[in-house]
Amino acid sequence: MYVSPIANDILAGHLVKYGAVSFLTDDPMRLKSGLVTPIYVDNRSLTGHPDAWRDIIETTCSRISQLGLEFDIIAGVEGAGVSHAAALAYRLGKPHVFVRQRAKTYGDHSRVEGTSVKGKRVLIIEDHISTGLSLLSAVEGLKEEGAIVENCLAITSFGIDETSKLFKKENVVCHELLDFTLVLDKAIELGKLEASKKETLIDWLANPWTWAARHGLTPTGNEN
């Protein structure tokens, strides 16, 4: 099984048509991490559209096969990735665990719900990776409970160099279904993004942390 260019085009279309991606080139926002961005991604909206969600899950299955990923358990991190992870685990007949952002303050004080991950290979599924800080925290939480975490698979990723270096230190490889430039091209094709804005967004993807200062932009909104 492999992910075809046609499948990628369909997925990019879903993200754009169903509003999972917003372009804020003239009015950027600040993420919780502090990163100022002209692109906001929330792939949770895809679960409200069965056709799109089905394509996401099936393409994820194909991508896993294409990459040759081996794992015992699928994990979803508290937040947007949980629904996708649970659906994928059901589709593949694999156990699913839920990773909390913080350990419970009661009971066993665990961060991982579902089943024991000790000695098990865990594949983390995310909806989107920006700075990856919450995902790194989940990796640490899983490893603290004895899990073997080598791979993460996200629907989309900004592919920030600094983020890749952080995951490399943890010996974790992050994969994505879609190269983000494909999303930009589809947005232009569907009239959701002006072609003249693409260069600005490519510049941000290449140098996100200095982008706002270089363009003299101040964010007016913050991620909730």
Side-chain angles (χ1 to χ4, degrees), residues 3 5-46 52 56 59 63 67 77 79-81 84 124 126-137 139 151-170 172-224:
V3 181
I6 294 175
N8 284 334
D9 185 70
I10 291 171
L11 292 191
H14 287 325
L15 266 65
V16 174
K17 287 187 293 184
Y18 293 133
V21 182
S22 301
F23 301 104
L24 315 165
T25 50
D26 299 320
D27 191 20
M29 69 182 298
R30 188 185 301 277
L31 301 179
K32 292 177 183 177
S33 63
L35 179 65
V36 177
T37 175
I39 308 172
Y40 184 65
V41 181
D42 185 355
N43 290 326
R44 283 174 293 194
S45 63
L46 299 173
I56 289 291
T59 304
R63 184 75 171 128
L67 292 168
V77 183
H84 303 301
I124 304 179
E126 262 288 27
D127 80 317
H128 174 71
I129 301 173
S130 53
T131 61
L133 296 180
S134 61
L135 181 57
L136 278 168
S137 175
V139 169
N151 295 281
C152 168
L153 179 56
I155 299 171
T156 49
S157 170
F158 287 147
I160 298 173
D161 284 343
E162 291 87 348
T163 300
S164 298
K165 291 175 182 176
L166 289 174
F167 279 99
K168 188 174 182 179
K169 288 182 180 179
E170 291 291 333
V172 176
V173 180
C174 290
H175 312 274
E176 67 279 334
L177 296 187
L178 284 172
D179 185 302
F180 213 85
T181 57
L182 297 178
V183 180
L184 300 184
D185 290 338
K186 179 55 70 170
I188 292 170
E189 178 187 325
L190 296 176
K192 300 295 185 179
L193 175 67
E194 296 176 24
S196 60
K197 301 290 188 180
K198 181 179 178 180
E199 185 176 344
T200 298
L201 296 176
I202 292 294
D203 178 36
W204 182 84
L205 289 168
N207 302 284
W209 291 102
T210 61
W211 177 84
R214 286 187 288 107
H215 289 273
L217 294 170
T218 301
T220 58
N222 295 302
E223 183 179 25
N224 294 325

Given the rule in the side-chain contact (heavy atoms from CB on, under 4.5 Å) test, do L11 and I56 qualify, once you have shown the distances and angles that lead to the verdict? CA-CA 7 Å; L11 292 191; I56 289 291; 3.7 Å; yes
Between [X] and [Y], which heavy-atom pair has the shortest distance, and what is it?
{"X": "R63", "Y": "E176", "answer": "NE-O, 3.2 Å"}
{"X": "A20", "Y": "N43", "answer": "CB-OD1, 3.4 Å"}
{"X": "L178", "Y": "A12", "answer": "CD1-N, 3.8 Å"}
{"X": "L35", "Y": "P208", "answer": "CD1-O, 3.6 Å"}
{"X": "I188", "Y": "A195", "answer": "CD1-CA, 3.9 Å"}
{"X": "I160", "Y": "S130", "answer": "CD1-O, 3.5 Å"}

Between C152 and V139, does a side-chain contact (heavy atoms from CB on, under 4.5 Å) hold up when you go through it step by step? CA-CA 9 Å; C152 168; V139 169; over 6 Å; no
From [X] atom [atom1] to [Y] atom [atom2], the distance as rounded to the nearest 0.5 Å:
{"X": "I155", "Y": "I129", "atom1": "CD1", "atom2": "CD1", "value": "10.5 Å"}
{"X": "K186", "Y": "K17", "atom1": "NZ", "atom2": "NZ", "value": "7.5 Å"}
{"X": "D26", "Y": "T200", "atom1": "CG", "atom2": "OG1", "value": "8.5 Å"}
{"X": "H14", "Y": "L46", "atom1": "NE2", "atom2": "CG", "value": "8.5 Å"}
{"X": "L177", "Y": "H128", "atom1": "CG", "atom2": "NE2", "value": "12.5 Å"}
{"X": "D42", "Y": "T156", "atom1": "CG", "atom2": "OG1", "value": "10.0 Å"}

Does the side chain of [X] reach to within under 4.5 Å of the side chain of [Y], using non-hydrogen atoms?
{"X": "E126", "Y": "V77", "result": "yes"}
{"X": "F23", "Y": "L184", "result": "yes"}
{"X": "T131", "Y": "W209", "result": "yes"}
{"X": "V21", "Y": "K192", "result": "no"}
{"X": "T163", "Y": "L135", "result": "no"}
{"X": "P38", "Y": "W211", "result": "yes"}
{"X": "V16", "Y": "E189", "result": "no"}

Test T25 against E194 for side-chain contact (heavy atoms from CB on, under 4.5 Å), laying out the working first. CA-CA 10 Å; T25 50; E194 296 176 24; over 6 Å; no
Take a 6.0 Å sphere around NZ of K197 and say whether it holds more than 12 heavy atoms from other residues, nucleotides or ligands.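 Enclosed: over 12 neighbouring heavy atoms sit under 6.0 Å from NZ of K197.
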H175 (side chain) donor-acceptor with L153 (main chain) under 3.5 angstrom: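 Looks like no, no N/O pair under 3.5 Å.
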Test item: T37 side-chain N/O and M29 main-chain N/O as donor-acceptor pair under 3.5 Å: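 Side chain of T37 to backbone of M29, a donor-acceptor pair under 3.5 Å: no, none is there.
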Sole candidate of L201, I39, L15 that passes side-chain contact (heavy atoms from CB on, under 4.5 Å) when paired with F180: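 Among L201, I39, L15, the one that satisfies the side-chain contact (heavy atoms from CB on, under 4.5 Å) with F180 is I39.
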Go through the steps for F167 and L136 under the test side-chain contact (heavy atoms from CB on, under 4.5 Å), then give the verdict. CA-CA 7 Å; F167 279 99; L136 278 168; 3.6 Å; yes
Do E162 and K165 sit within salt-bridge range, that is, some charged N less than 4.0 Å from a carboxylate O?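 The answer is no: the pair does not qualify as a salt bridge.
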